[in-house]
Amino acid sequence: MKSFIKFPFLALLSVAALTLGTSASAETTLERVQRTGEIRIAYANEAPFAYTLADGKVTGESPEIAKIIFAKIGVKTVKPVLVEWGALIPGLMAGRFDVIAAGMYVTPERTKQVLFTDPHYQLADTLLVARGNPGKLRSYADIAGNDKIRLAVMAGTSQYAYAVAAGVPESRIMQVPTTTAQLQAVRTRRADAAVGTALTMKALAVKGGKRVQAITDFTDDPSHIGYGALAFRYEDQTLRDAVNTALQQWLGSPEHLATVAPFGFDKSNLTKKTVADIAAQ
């Protein structure tokens, strides 16, 4: 203590040197995952983007892409973490996992919270309704114009904002945690329709049997086309950049198209949009 008082400037220099040394030697997330050979990816159990099979295996468009792309940058083991949709971004920022691989749409608002790769697909939305579409619902305007109609939306998704902007009262929007809950809401008539990506609603229609259907003539604002991507923490830009480079070299290749085909994706889902294009909207 006496020496610190006697030589305060030297003591401060020592503390600064130690701080700088620690900062300089701090391992980045990219370095960590390449050293350990494993990375944690989060998903929200939404087919066909990312979901758990009956045998416990996690699959879907985004996890299968993640497995291949991370292998290309030297990370062989992908460890999935199941999270409710609304907890994906908070969980990422809290460090519970390293990347979101859940088919998350890039939006200007989300780009302020996380770093996205450029999109690996584009996709429009549609409605899941009771068989025969008794409410004759083909747009958000149809839902807004009928005060008896209730809409089931997965919490935290873009479709909630779209519905509100189209005039659907919040009191008639049922927010649920999963797409399975959306299906159950329509099947039990607690909701007259559910909204989500066309692929998700078609998958729910198959799962739901003869009592429900996904409509094929949904009218929506073209700006609502979704662009899905992997998401990272802002401090992990080196990891995002490495993944983005590998991803852009691979998208559209025969291997990519064969990888995503089982989940309903094809060449029509390819896009040239960049994350910068979407952030600027």
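- Taking the six-membered ring for Trp and thresholds of 30 and 60 degrees, Y162 and H224 have nearly parallel ring planes, at less than 30 degrees apart.
- No donor-acceptor pair closer than 3.5 Å links the side chain of R240 to the backbone N or O of F232.
- Inter-residue side-chain proximity for L137 and I149 is flagged as met; some heavy-atom pair is nearer than 4.5 Å.
- Proximity of the aromatic rings of Y140 and F218 is defined here by a centroid distance below 6.0 angstrom, and this criterion is met.
- Distance check, rounded to the nearest 0.5 Å: CD of Q248 to OG1 of T274 gives 9.0 Å.
- Ion pairing between E38 and K79 holds under the 4.0 Å rule for side-chain N and carboxylate O.
- Side-chain contact between V164 and I173: present, with at least one pair of heavy atoms (C-beta onward) separated by less than 4.5 Å.
- For K202, the NZ atom counts as loosely surrounded, since its 6.0 Å shell holds 12 or fewer non-hydrogen atoms of other residues, nucleotides or ligands.
- A salt bridge does not link K272 with D277: none of the charged nitrogens is closer than 4.0 Å to a carboxylate oxygen.
- From D192, atom CG reaches atom CG of N146 across 7.5 Å, with rounding to the nearest 0.5 Å.
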Please assess D236 against T29 for the test side-chain hydrogen bond (donor to acceptor under 3.5 Å, both in side chains), listing each intermediate value before the final yes or no. CA-CA 6 Å; D236 291 337; T29 302; 2.7 Å; yes
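- Q113 CD: more than 12 foreign heavy atoms inside a 6.0 Å radius.
- No continuous path of ILVMFWY side-chain contacts below 4.5 Å connects Y43 to V78, so the two sit in separate hydrophobic clusters.
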